[in-house]
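Only one structure is covered here, and it is reproduced in the block below.
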Amino acid sequence: MTAHFTSSRRRFLGQTAALASATVLSSSTSACYAASASANDRPALGLIGAGRMGHNHMRFAKGMCDLVAVCDVDSNHRDKAINKIFDGDARNAKGFVDYRNILEMDEVDVVYIATPDHWHAKILIEAMRAGKDVYCEKPLTLTIDEGKKIRKVEKETGRIVQVGTMQRSYLDLFVKAVAIAGDGRLGRITRATATIGGGGGSGPIPVHAVPQWLDWNQWLGPAPEAPFRWIPDPSLPADDWRIGKTNCHQTFRAWLDYSGGSMTDWGAHHVDISMWALRAAGQSDTVVSVGGEAKFPVPFEDGYPTLKDQYHTASSFSMTAQMSDGTELVINSHGRNGVLLEGTKGRIFVSRGDLTGKPVEDLVQNPLPEDAVAKTYKGLPTPYSQHKNHWANFFHCTRERIEPISDVTSHLRAIDLCHLANISARFNRPLRWDADQEVIVGDDQANALLAREYRQGFEIEG
């Protein structure tokens, strides 16, 4: 196993990396950047959650870190990660069922959290308290109260946290769109629309014997006690989750105990970009109200689904939030996936595939200032593109001890709006939000959903 970061090595790397951080690097400099993270200088990483997301996204970190430990409650995920991530270079990595084993390892410098959403806040908080820097998948929270706890611990510990909203590292798409807004090319933004897709129903899913390769109690963790449900696809191997209906693994986002559905899944991406653009344009991202219409695959009563044996997060919705300066931010399930920014001077649309609109076409004759994208990216190095650059940004910021491109505070601004939209949808009524006090005005029933009870033994301390 390679040597790990020491405090002196971190200081040395911080000094040398500072020389490269003044300007945005082109893709041609990626080899030089990789050289600065040589085999003896790479941080040791512990992966917590080795399912599809954790397994696939670790390939972007290849060459920038050493995978020394893997935790997953599914032994198939755990074994696959150890044997195949980094082309087998991690076969000496230690494997665990309990994430706390990784947090206790002195040799682990950074932690990658890629568990289902309901585990994010607890593991993130404990990782920071254990002295680890963290790359955590979005959304960081299942409730607004969890965000308060995360902000508090981040401030107390001074740890570096990168949120996995990697669209912030799509330089030629989302970052450029925000730069266009920041350069005044749209004028005053009057409406931002985040189109994120919806969900669907499942019908009743029967209780199923827990597979021998899954620790169901540990998978549930902070969530309420519940039976394991699964309809396997008979055409696939018994451990294959690509097709089938369940309250575990790939379809956990369809259950409110584990996720907020599409609203907090894709919403964490496109609502985030919408609010980033508003801030860049010098406008408010402070929510004062949210309301709209939503449909669910099951009936709801007092904010809770009446049927709990099937998918129940929102299947379709159109929710509108108003900012303190009057700007509207619409969250839609219908239409083309992406972000539409409408301003007094023009409009643009951006997705993971394109960036369009007259203000974009006008760049041919009237380009943005040469450093516009660089400034939007906080002047941080960009040796790669998209996902890989997001990881490079994280490791750079752990060396420099500076805020990464996807910081906790701005992420929580966006995801808290998604949570509020979900609460409004669950009660089918508009909500007024007091951003200073972080409470819903005059609605005790809705305020009760700002936090949740944790299962005994899985509470968040402090």
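- No more than 12 heavy-atom neighbours from other residues, nucleotides or ligands sit within 6.0 angstrom of CZ on Arg52.
- Side chains of Gln283 and Thr327: a donor on one and an acceptor on the other come within 3.5 Å.
- Side chain of Asn247 to backbone of Pro227: a donor-acceptor contact under 3.5 angstrom is found.
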**OP:** Any chance you could lay out the salt bridge (Lys or Arg N to Asp or Glu O under 4.0 Å) test for Asp443 and Arg429, step after step, and finish with the verdict?
**Re:** CA-CA 10 Å; Asp443 195 329; Arg429 60 177 179 254; 2.8 Å; yes
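- Using modelled atom types, one finds no donor on one side chain facing an acceptor on the other under 3.5 Å when comparing Asn337 with Ser351.
- Pairs of residues two or more places apart, or lying in two chains, that qualify as ring-ring contact (aromatic ring centres under 6.0 Å, His included) and include a residue from residues 278-297 are Phe296-Phe300.
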**OP:** Using the side chain to side chain contact (heavy atoms under 4.5 Å, CB included) rule, take Ile405 and Lys378 through it: C-alpha gap first, then chi angles, then the decisive distance, then the call.
**Re:** CA-CA 7 Å; Ile405 192 63; Lys378 302 181 182 179; 3.9 Å; yes
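- We find that Glu461 and Lys122 are not joined by a salt bridge, their nearest charged nitrogen and carboxylate oxygen being 4.0 Å or further apart.
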Original post:
Can you check salt bridge (Lys or Arg N to Asp or Glu O under 4.0 Å) on Asp133 and Arg401, steps first, answer last?
Top reply: CA-CA 10 Å; Asp133 295 324; Arg401 311 314 297 168; 2.7 Å; yes
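- With hydrogens and angles left out, the side-chain atoms of Ser318 and Asn332 include a donor and acceptor closer than 3.5 Å.
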Subject >> Pair Arg336-Asp354, salt bridge (Lys or Arg N to Asp or Glu O under 4.0 Å): steps then yes or no >> reply: CA-CA 12 Å; Arg336 188 179 171 204; Asp354 59 358; 2.9 Å; yes
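- Each of Val441, Asn447, Val290 was evaluated against Leu431; a single residue qualifies, Val290, per the side-chain contact (heavy atoms from CB on, under 4.5 Å) test.
- Between Phe394 and Tyr135, the two ring planes are perpendicular [angle over 60°; tilted spans 30° to 60°].
- The closest side-chain donor-acceptor pair between Gln218 and Tyr99, if any, does not fall under 3.5 angstrom.
- With hydrogens and angles left out, the side-chain atoms of Ser410 and Arg168 include a donor and acceptor closer than 3.5 Å.
- Looking at Ser284 and Arg279, their side chains never bring a donor and an acceptor atom within 3.5 Å of each other.
- Within 6.0 Å of CZ on Arg426 lie more than 12 heavy atoms contributed by other residues, nucleotides or ligands.
- Minimum heavy-atom separation, Gly292 to Ser424: N-OG, 4.4 Å.
- Between Phe252 and Trp219, the ring planes are perpendicular. Angles over 60° get that label, and only those under 30° would be called parallel.
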Original post:
Where do Arg151 and Glu438 land on the salt bridge (Lys or Arg N to Asp or Glu O under 4.0 Å) test, with the steps shown first?
Top reply: CA-CA 13 Å; Arg151 290 200 311 263; Glu438 295 186 276; 2.9 Å; yes
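- Proximity of a side-chain donor or acceptor of His387 to a complementary backbone N or O of Ser385 within less than 3.5 Å is not detected.
- Under the side chain to side chain donor-acceptor pair (under 3.5 Å) test applied with His419, the options Thr141, Asp145, Thr264 reduce to a single match, Thr141.
- Applying the 6.0 Å contact sphere to CD of Glu459 captures more than 12 heavy atoms from other residues, nucleotides or ligands.
- In summary, the side chains of His118 and Asp257 do not present any donor paired with an acceptor at a separation below 3.5 Å, with no hydrogens or angles considered.
- Shown here is Asn428, whose CG atom has no more than 12 heavy atoms of other residues, nucleotides or ligands within 6.0 Å.
- Of all heavy-atom pairs spanning Val161 and Pro404, the tightest one is O-CG, 3.1 Å.
- Between His270 and Phe174, the angle of the ring planes lies from 30° to 60°, which puts this pair in the tilted group.
- Aromatic rings of Trp391 and Phe60 (six-membered ring for Trp) have centroids beyond the 6.0 Å cut-off, not under it.
- By the ring-ring contact (aromatic ring centres under 6.0 Å, His included) test, His55 is found to be paired with no residue, residues two or more places apart in sequence or in another chain being considered.
- Considering only residues two or more places apart in sequence or on other chains, Glu225 meets the side chain to side chain donor-acceptor pair (under 3.5 Å) condition with Arg455.
- The environment of Arg432 atom CZ is sparse: at most 12 non-hydrogen atoms of other residues, nucleotides or ligands sit within 6.0 angstrom.
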